[in-house]
Amino acid sequence: MHASCYSSTSTTDVNLAAHWLVRKSMSGRRQAMRNHIAFLLVCVCLLCSGCHRRELEDVALERANIPISIDWTKCGIDPQNVSMLFYNKSDGALALQHYFENNSNPIQSYVKIAPDEYDVVVFNELANQIKNVTIQSMDNFSTIEAKGVKDTDVYLPIEGQNYVKEPGTLAAVMVRDFKVTYDMINISNSSEEVLKHNNLMSQLMGLVPHTKTTTFSIMVHIKGLNNALMPALVNLSNLSESYLFDEDRNGTLPAAYQFTINNRTYDSGSTSHGTISGETNIFGVLGQRSSTAKQVNNNPVILTLMFMLADENRTVITEVFDITDDIIFSDHGNGNIYIELNISVETPLPEVGPGGGDSGFGTNVANWNEVDIPIVAE
């Protein structure tokens with residue numbers, strides 16, 4: 001029985017068993033191949049991910065750490081903050097804005113910046129932090145400008161004038177063709193002492209801004225000064241309302257400034273003839289900083305003086321002068337522009353009649369905000 005059962009196994013059964021073993025073996029190899037391919041794919045993904053992280057790290061490292069120091073002593077200010085704008089030399093586009101609090105450290109700040117060539121604008125305070133000054137159109141070096149704020153609180157305004165308020169002090173310096181190289185990235189890791197004295201790294205060290213707004217000083221000699229209340233009212237017309245950083249000059253759009261002058265002195269031995277003086281801050285003349293060459297014929301610099309008499313009616317006397325050729329430019333040896341005017345008024349102020357009060361010698365002041373009377377032109 002056992003022999004009979006054993007001998008009954010057929011060739012077909014053997015072949016089927018062999019085929020199953022072969023298929024199982026091939027299936028195992030295919031599975032191993034699939035596992036191997038999956039492993040390779042995981043490795044590739046990991047490698048790609050690692051390369052991506054390395055690229056981000058490289059981008060972060062491709063910046064030089066440049067030391068900065070600003071010397072504000074020449075312009076006579078001590079700002080709270082400092083603004084630095086970096087523009088691409090190639091197209092003038094704004095590449096980087098850097099701000100820091102002003103301080104007295106040898107190195108006041110560091111800026112991280114990529115290798116390239118730039119034009120740099122440095123000015124005091126943050127944009128729009130300077131009194132009555134707005135920094136506009138900062139997106140490009142060719143368009144950035146400092147502009148005065150419109151003045152709507154003007155006494156006896158002259159029709160058609162674009163009045164702007166007295167600007168605070170704007171001081172600036174431009175660093176042109178500032179080059180950041182790949183060598184500077186390596187030098188960035190040096191000590192502070194090396195950075196301060198390395199020629200490549202010291203391009204933004206010891207920068208000296210100059211004042212870009214202008215002080216206008218006026219001195220007027222007039223007879224009969226004792227007949228006027230103080231202060232006198234001054235209008236300056238056809239001056240600039242802005243400063244252009246790229247060209248380092250004033251804008252060409254005319255503006256008017258109004259202010260008062262109150263420093264009064266009498267001539268030696270006289271109780272009636274004397275001088276009145278004062279000053280204000282302006283952007284300057286049109287188109288230039290130290291010349292009236294851009295004051296075209298239809299835009300001369302006009303001075304309008306208004307005196308309020310000490311009579312009962314508080315009569316206003318107006319004197320108008322073309323001072324284009326009379327103003328004197330100077331820099332007082334420090335690079336900052338000043339404008340000075342010293343003129344004499346030929347027509348004396350009218351004598352004050354009875355009821356004229358103290359004839360201008362007391363403490364009475366002109367209440368220009370209460371004046372609503374016709375102007376008497378002399």
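Index from 1, following the sequence.
- Aromatic ring orientation, F178 versus Y118: tilted (interplanar angle from 30° to 60°).
- Judged by distance alone, with hydrogens and angles left aside, the side-chain atoms of E125 form a donor-acceptor pair with the main-chain N or O of Q80 at under 3.5 Å.
- Scanning all heavy atoms of the two residues, the minimum distance from N140 to A93 falls at ND2-N, 3.6 Å.
- Residues H98 and Y110 are not in side-chain contact: their nearest non-hydrogen atoms beyond the backbone lie 4.5 Å or more apart.
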Candidate pair Q203 and V175, rule side chain to side chain contact (heavy atoms under 4.5 Å, CB included), full reasoning: CA-CA 8 Å; Q203 298 176 71; V175 181; 5.6 Å; no
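- Residues F123 and V120 are members of separate hydrophobic clusters, defined by side-chain heavy-atom contacts under 4.5 angstrom among Ile, Leu, Val, Met, Phe, Trp and Tyr.
- No side-chain donor-acceptor contact under 3.5 Å links S109 to the backbone of I68.
- You'll find the side chain of V121 stays beyond 4.5 Å of the side chain of M138, heavy atoms only.
- I113 approaches I66 most closely through the heavy-atom pair CG2-CG1, 4.0 Å.
- A heavy-atom distance below 4.5 Å is found between the side chains of F216 and I327.
- Side-chain contact between N198 and S190 is absent, with no heavy atoms from C-beta onward closer than 4.5 Å.
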Criterion salt bridge (Lys or Arg N to Asp or Glu O under 4.0 Å) on D177 and K89, from CA distance to verdict: CA-CA 7 Å; D177 307 322; K89 188 70 179 179; 2.7 Å; yes
side-chain hydrogen bond (donor to acceptor under 3.5 Å, both in side chains) assessment of Q97 paired with Y99: CA-CA 7 Å; Q97 302 178 56; Y99 307 100; 2.5 Å; yes
Residues K147, V164; criterion side chain to side chain contact (heavy atoms under 4.5 Å, CB included); working and verdict: CA-CA 9 Å; K147 193 171 183 179; V164 294; over 6 Å; no
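- Side-chain atoms of Q108 come within 3.5 Å of backbone atoms of N103 as a donor-acceptor pair (strictly under, hydrogens ignored).
- In this structure, CZ in R249 is found 8.5 Å from OG in S242, a value given to the nearest 0.5 Å.
- Using a 4.5 Å cut-off on side-chain heavy atoms (C-beta onward), P115 and I185 make contact.
- Taking CG from L195 and CG from L200, the interatomic distance works out to 11.0 Å, rounded to the nearest 0.5 Å.
- I261 is not listed as a side-chain neighbour of S277, based on a closest heavy-atom distance of 4.5 Å or more.
- No side-chain heavy atom of N336 sits under 4.5 Å from any side-chain heavy atom of D331.
- With sequence neighbours excluded, the residues that form a salt bridge (charged side-chain N to carboxylate O under 4.0 Å, His left out) with D248 are K212.
- Nearest heavy-atom pair, A171 versus N124, reported as atom, atom and distance to 0.1 Å: N-OD1, 2.8 Å.
- Remark: the backbone N or O of N281 is paired with a side-chain donor or acceptor of E166 at under 3.5 angstrom.
- A side-chain donor-acceptor contact under 3.5 Å links T134 and Q136.
- Each of K179, R63, M201 was scored for a side-chain contact (heavy atoms from CB on, under 4.5 Å) with M184, with one residue passing: M201.
- Side-chain N or O atoms of N102 include one that pairs as donor or acceptor with a backbone N or O of P79 at under 3.5 Å.
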Worked verdict on F100 versus V111 for side chain to side chain contact (heavy atoms under 4.5 Å, CB included): CA-CA 10 Å; F100 63 92; V111 60; over 6 Å; no
Test side-chain hydrogen bond (donor to acceptor under 3.5 Å, both in side chains) applied to Q129 and N81, step by step: CA-CA 9 Å; Q129 195 176 32; N81 300 298; 3.2 Å; yes
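- T143 and S137 make their closest contact through OG1-O, 2.9 Å (heavy atoms, listed as atom of the first residue, atom of the second, distance).
- Between the CG atom of N250 and the CG atom of L239 there is a distance of 9.0 Å, given to the nearest 0.5 Å.
- In this structure, Q295 contributes its side chain and V285 its backbone to no donor-acceptor pair below 3.5 Å.
- In this structure, NZ on K165 lies 7.5 Å from CG on D153, to the nearest 0.5 angstrom.
- A 4.5 Å side-chain heavy-atom check between D267 and K223 finds every atom pair outside the cut-off.
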Candidate pair T324 and D322, rule side-chain hydrogen bond (donor to acceptor under 3.5 Å, both in side chains), full reasoning: CA-CA 6 Å; T324 307; D322 180 342; 2.8 Å; yes
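- Salt-bridge annotation for R176 and D119: absent, with no side-chain N of the basic residue lying under 4.0 Å from a carboxylate O of the acidic one.
- When all heavy atoms of Y155 and W368 are compared, the closest pair comes out as CD1-CB, 3.5 Å.
- Between the S69 side chain and the M205 main chain, no donor and acceptor come within less than 3.5 Å of each other.
- Atom OG of S240 sits about 8.0 Å away from atom CG of L253, to the nearest 0.5 Å.
- Cluster annotation: Y163 and F283 are assigned to distinct hydrophobic clusters (Ile/Leu/Val/Met/Phe/Trp/Tyr, side-chain heavy-atom contacts under 4.5 Å, transitive).
- Taking hydrophobic clusters as Ile, Leu, Val, Met, Phe, Trp and Tyr residues chained together by side-chain heavy-atom distances below 4.5 Å, I70 does not share a cluster with V208.
- Using a distance-only test at 3.5 Å, with no hydrogens or angles considered, no donor-acceptor pair links the side chain of D71 to the main chain of G206.
- Partner of F321 under the side-chain contact (heavy atoms from CB on, under 4.5 Å) criterion, chosen from L305, I302, D326: L305.
- V173 and I337 are assigned to two separate hydrophobic clusters, defined by single-linkage of ILVMFWY side chains at heavy-atom distances under 4.5 Å.
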CA sep, side-chain torsions, deciding dist, call: F259, I218, side chain to side chain contact (heavy atoms under 4.5 Å, CB included): CA-CA 11 Å; F259 60 104; I218 179 173; 4.2 Å; yes
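- Note that the CG atom of L341 and the CG atom of L303 stand 6.0 Å from one another [nearest 0.5 Å].
- With no hydrogens or angles considered, a side-chain donor-acceptor pair links Q161 and S237 at under 3.5 Å.
- For K74 against P209, the heavy-atom pair with the smallest separation is CB-O, 4.4 Å.
- No single ILVMFWY cluster, assembled from side-chain heavy atoms under 4.5 Å apart, contains both L204 and F141.
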